[in-house]
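Residue numbers start from 1 in every chain, and the chains themselves are labelled A, B, ... in the order their sequence lines are given, proteins ahead of strands.
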Amino acid sequence: MADSALPAPGTIGGAIDVTPHHKAPGTFLETLHSWVVTVDHKKLGIMYVLYALVFLLVGGVEALCIRIQLGRPENHFLSPEVYNRFFTMHGTTMVFLMGMPMLVGFMNYLVPLMIGARDMAFPRLNAFSFWMTAFGGLMLYYSFIGGSGLYAAGNAPDVGWFAYAPLTARAFSPGHSTDYWTVSLLVSGVGTIGAAVNVIATVFCMRCKGMTMMRLPLFAWLSVVTSALILMAIPPLTAAQVMLMIDRYLGGHFFDTLAGGSALMWMHFFWIFGHPEVYILVMPAFAVANEVIPVFSRKPIFGYPAMVAASVGIAFVSLGVWAHHMFTVGMTSVGNAFFALSTMIVGIPTGIKIFNWLATMWGGKIRFATPMLYMTAFLFQFLMAGLTGIMLSVAPWNWQLHNSYFVVAHFHYVLVGAILFALMGGICYWYPKVTGRMLDEKLGKWGFWLLVIGFHMTFDFMHIPGLLGMPRQIYTYEAGRGWDTWNLIVSIGAFVQAAAVLLFAYNLLVSYFRGEVAGNDPWDAWTLEWATSSPPPEYNFVADPVVTSRRPLWDMKHPEDPDWKYE
Amino acid sequence: MSEQENHGHHSDSIHLPAPTTWPVVLAFGLALIFLGIVTNPAISILGGVLTVFGTVGWFRDVLPHERHVDVEVEVMDLNIRSTRERVARMELDKPGRYAPTETYPIVSGIKGGIAGGFAMIIPAMIYGLIAQHSIWYPINLMGGAGIANWTDTSTANIAAFHWQGLIAASVIHAITCLLVGLLYGAMLPMLPRHPIVLGGILAPVLWTGLLHAVMNIVNPVFDQRIQWGWFLISQVTFGLVAGWVVAHQSRISANRNLPLAVRMGIESPGLMQHDHDEKSEDRH
Amino acid sequence: MSAIPIPVHQVDQPAEWTQPYKGRVGMYCLIAAESAIFAIFVVAYVFYLGKSMYGPTPGQVLEVPIFNTICLLSSSITIWLAEHALEHNRIKRFGAFWAVTIVLGSIFMIGTGMEWNKLIYHDGLTITTNVFGTTYYSLVGLHASHVIVGLLMLLAVLVFTLMGHMKEEHAERVKTLALYWHFVDAIWVVVFTVVYVIGR
Amino acid sequence: MNADRSTSRRSYLCRTLVLLAATFAAHAAFAEGPQSTPSIFAPAGTPAASIFDLSLFVIAITGGIFVVVAGLLTYAIVRYRHKKGDEKSEPAQVYGSTQIELAWTVVPVLIVVVLFLTTARLIFAIQDAPRPKKTLDVTVIGHQFWWEFHYPKLGIVTANELHIPVSSNQQPQAVFLKLYSADVDHSFWVPQLAGKTDLIPNNENVMWMDAKHPGLYVGQCAQFCGVEHAKMLLRVYADTPEEFAAWVKNQQQAAVVDPQVEAGRELFARQSCMNCHTIKGTPATGHYGPDLTHLMSRETIAAGAAPNTPAAMKEWIRDPDSVKPGALMPAMHLTDGQIDQLVAYLETLH
Ligand code: HEA
Ligand code: HEA
Ligand code: CUA
Ligand SMILES: [Cu+2]
């Protein structure tokens, strides 16, 4: 992509003019139909995010039940069977039906807008992917109804989200609970892979004129990296699940330890998927941070090339660290040392990111609107979570911490403290673009602080029972182990979080009807999506935009001081 | 945008891919096939039928030509303007433009690290010869930090030759020397006043103190046997040599009068050179 | 409301802004994902070698399918010739090579079918027999299922060609499909090496 | 390997940190001996203690990083927040700085090198520890929701409660465990003594530990293994050498035969109890459930789900599900009288 082919500096192409919206609203059925048959990346993106939000509530209710049960020792709120179903479903839901769809939704909505394209590369595949994901999730939840019905939680899976063999073998998991887990994740996995293919093709083939890979907004860059990771990581899970199906339905012996099969193989296969998966989840959080932090600090991202390199580096290294989930399975000392090292190495590129965000804020004029509040909390919490991750990667210490509540605290710190916070911040940031209305700032701030309090009450104190020897995935514990008080605090914190999440959802709802009209660029931002109306028209841009720098809108706003002069 | 002119050349509608039911149908069919495995084969059969319909329908959507709809375009003015009209510049104590500040700091750092690494070997060897009459002694002590599974930590054993010890020690030594050199290369030009004092004396002393505090946990064998005096001497040797090499290669003396921001190599308008044409893409 | 302003440079600039063909990029992505699946199955096959607690072993029952392999690999050449023909708008030639490709692929499938028939009814090796049976049928079966999907798609193109819809402008799409076929062949090289060379 | 911390040069540092940790985790003080809270910060064995040392080191490093980075963040937030009058202007635009970025890449790399060397050393020190001459060998077999212990050299089989001799500086006594599973994955974890190691079917694992103070160390299964994973508790008794010798002697005997409880013994053989349980010296040789030969030498039943009292035992035999829902022992639908007889018999198995 030679620079000479680009337009002369100082111009930006027709990203500017837009349709006013005055279509007559259809009947309810018409509207529904138009959403079901749509291939518009924006509508699909919205559906993904709404779908994920619904499952956030569902998974959250499961978490609340878990916390009620664990709030006191020897509690009888849930039976052991139901408890096991609940934590399995909670983990599976949050990772596969909340996290992944949410991030795919973000990518879907934003990537074409940011790169100045009319749609995704394969719009029909996009619709297909969404529906696969959706039907996968519905199938998983149908398991609650199958079998013995809702009261005893039916056939819902109960083997933990990593479903270790041979607990999943027919002998130890009769009935269909494990089959539901396998089959529904297979289906939604296909959807996710489809979405990833689409994102990569979109970014590689649909960029507007002048947008070289080094001018790509970091959000789009990270979307590509995430998608590449999806392509590398989901197939191993799919393969392992196919093997599991072969075992369960055709009498195979992959994981049948009585006939020479290996339980360890499952663990390896699962974590070859599972570890990259957590980075798949966190990359979009980084992506949001990369957009929001600069805009609210009023400075460009510090060290763009380093940020790109670090993301690619994290993705690469993360493919080689999976066995840090398996330090206790009896690997050789060399194996343990290798995986400890590779895991620690991930801290280096991640550190680069943290420092670069810090440097972006340094010397800026930081406006703490709700999105930026979320990002600030994200920075602190991700830092803390990463450092507990480093503690876990110290293999000998991991022999103590593995499968304790310390691990649970570590990963909720990332999954909630970093990812959920970042995604919620992202929702606040792009809500005006998507709906044309501002979120209520007051409600937003209340929700944010409530969530911060609830989060820290829950997950700070959750580290302690872990250090005191409390294993995870236990439905109850004896009084007198010294775990009660901590668990009670944690449980109360979960309810504070629930209040915060409800407030957030309420805000989304009322602001849609009553929010202030946003205008096309409420945050005074710099990427192309703010150069079209809010909400954007079906075709995004009237004419294909042409860009000459990483911040096309900056160049337009400051023609005397444009970016391309310095980049 | 007033400066945006209209050059005609447009149609009043835009082609977009037409909405279609087939992807949903196909997805539903595939999902049912799988659901049937868990519930009832009849559901799989239904799913199979839907899958066939979905596939055929989808094919006919795109072949031989993609179906599309025309969306009418209506246009209104959009205003892309910021209320923040003034852009601050980084404030420098001295105005004016500066020559490029970095003369290959990375390379000079690496060179310094290599030089220091070799220089450091000398006091270490002397120590080995004086203390234990063996040059392998210090090597094995260091290598022990890597392979660590010394079962026999007697002095005689440590003073003997072990190829694992040699390899481990070389790797550890090379990595740390290069990294520290790199660090010097990046940092010394920023703090140019007393490069030798900083890099050659202060840093090694601090570093030795730190190691002294933690060595018992990092490597107890090493800790029991180490002679901190000698250790400090070899650290300072490294620091002096590396610092000297770096300082002389990156023209620190010339930089001395530059403002800090420039010495730190910060890329910001006014601090950087403006010639857009000369700038090459490879810096990104 | 004003008319659409289109900036000067969009009209002036020579349109040298080229990006890769999206179908191809998509196919490469798909191939990456598929490779990951195959990698796991291959790893599993290798890991489970010799772990069966009872027979038969690969050495006892497997015969090296040379003829099959030759057919499948040469289909990669014929499909390439077909692609080439289409690029030069020689539709007849294209159809002929395309058909040969399908025939070769089908021979491969028939060969596999016969092999399985022998293994099941003669040697008594099924997927439940032992770990070898499980891994063998799943790995080879996974590959075979890809061949079948490929054949179906090739067939669809052949039908189009026979109906006279195939034109030079479809070359990109056809090449994308051919890419998939090349991938299936390449995977066979891996499977063949692992199952019939190393594993026996 | 013998990392006796009291001789360590930096015990001051350790103490201060421990004090911090202790105030933080209220009852997790660094205690000398077993506790009801199995805190990993109250080590009582060599591996646990060296892991504890390492953990302090890692906490110090990560804590340092946290303080520095969080401090800078806080500073940036306070110092550079939007102020009145800022609405009209943008701050100076800064794009990057190779030098600074290089510096903050290299520093973490160096930290990682140090962390890794420390970690690797301890991995090797614990995993590849040479086996001393005098060790106690125990084979541990995990079952869904209970533990089986074999002492191959002593000819003892018992369940759920592991007895080991205490280890002192004069008489070091390491215990080497071979770990197997009869069904699904489990994990052996007694936090005060050593890190955990998994029990995986079709796979052999080993670990070792020692106990520096006599008493009861609690732990539990740390790998989800099904319905009753939560009640697969584990108790390790570190006995003085004399106590241990006495215990071994008792365990090696066949079961007590007390004619007074003949009825119960017969019932045990008549019901299918004997298909699943072994009582040495009787026809009962089942292997599916725990060995009951010296049942009364244990303080709990059903892997710690209930105390070993006649009342709890009756309830257990009447309906195991009511004590431990999902346990793999079936309710035998016995009359109260039969249960009384059975329990009377079991109560004699000292
Ligand atoms: C998105 C989610 C996410 C992310 C980003 C991470 C990030 C990391 N995780 Fe985490 N992890 C999970 C989700 C995540 N994890 C989950 C879900 C599990 C449990 C699964 C299950 O069992 O159910 C888990 C479990 C888990 C384990 C296994 C625990 C066990 O079961 O025994 C380990 C062990 O090494 C680990 C380590 C790490 C490390 C080292 C990082 C690193 O990437 C962190 C890097 C970040 C930093 C280090 C901070 C910033 C850096 C600096 C300021 C620079 C300076 C720092 C240094 C030089 C150290 N994680
Ligand atoms: C992105 C992922 C994610 C998220 C967001 C969460 C969020 C939460 N998680 Fe979860 N969790 C996991 C991923 C996640 N978790 C995973 C992977 C596991 C491992 C599973 C396994 O071991 O197999 C796990 C396990 C896990 C456990 C351990 C269970 C065990 O090992 O026994 C616990 C216990 O406290 C817990 C608690 C919580 C809590 C309190 C929240 C809170 O933050 C939740 C906050 C949200 C709400 C509270 C929703 C509020 C909504 C309402 C109140 C709805 C009102 C109703 C309607 C309108 C319908 N989680
Ligand atoms: Cu056994 Cu959990
Ligand atoms: Cu991980």
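Residues B/S44 and B/I37 approach most closely at OG-N, 3.6 Å, considering heavy atoms. Pairing each heavy atom of A/A117 with each of A/M206, the nearest pair is CB-O, 3.5 Å. Between A/M213 and A/Y304, the shortest heavy-atom distance links the atoms O-OH, 3.4 Å. Closest approach of A/A121 and A/N198 over heavy atoms only: N-OD1, 3.5 Å.
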Could you walk me through whether B/R84 and A/D524 pass salt bridge (charged side-chain N to carboxylate O under 4.0 Å, His left out), step by step?
-> CA-CA 9 Å; B/R84 300 152 184 269; A/D524 200 348; 3.7 Å; yes
Check step by step if salt bridge (charged side-chain N to carboxylate O under 4.0 Å, His left out) holds for A/R550 and A/D555.
-> CA-CA 9 Å; A/R550 282 173 204 146; A/D555 294 356; over 6 Å; no
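For A/D179, the parts lying under 4.5 angstrom from a heavy atom of chain B are both the backbone and the side chain. Both the backbone and the side chain of A/H176 come within contact range of chain B, with heavy atoms under 4.5 Å apart.
Cation-pi geometry between A/R118 and A/F541 is not met at under 6.0 angstrom from the ring centre and within 45 degrees of the axis.
Of the listed residues A/F130, A/W131, A/Y142, the one with more heavy-atom pairs under 4.5 angstrom with chain B than any other is A/W131.
A/W362 has its ring centre no less than 6.0 Å from the ring centre of A/F302.
Using cut-offs of 30° and 60° for the angle between ring planes, the A/W526 and A/W554 rings count as perpendicular.
For residues 19-35 of chain B, a heavy-atom distance under 4.5 Å to chain A picks out B/P19, B/T20, B/T21, B/P23, B/V24, B/L26, B/A27, B/F28, B/L30, B/A31, B/F34, B/L35, given by residue number. Close approach to chain B, defined as a heavy atom under 4.5 Å from one of its heavy atoms, is seen in A/V183, A/L186, A/V187 of residues 181-194 of chain A, taken by number.
Taking CD from A/Q241 and OG1 from A/T178, the interatomic distance works out to 11.0 Å, rounded to the nearest 0.5 Å.
When atom types are taken as modelled, the side chain of A/S34 and the backbone of A/T31 share a donor-acceptor pair closer than 3.5 angstrom.
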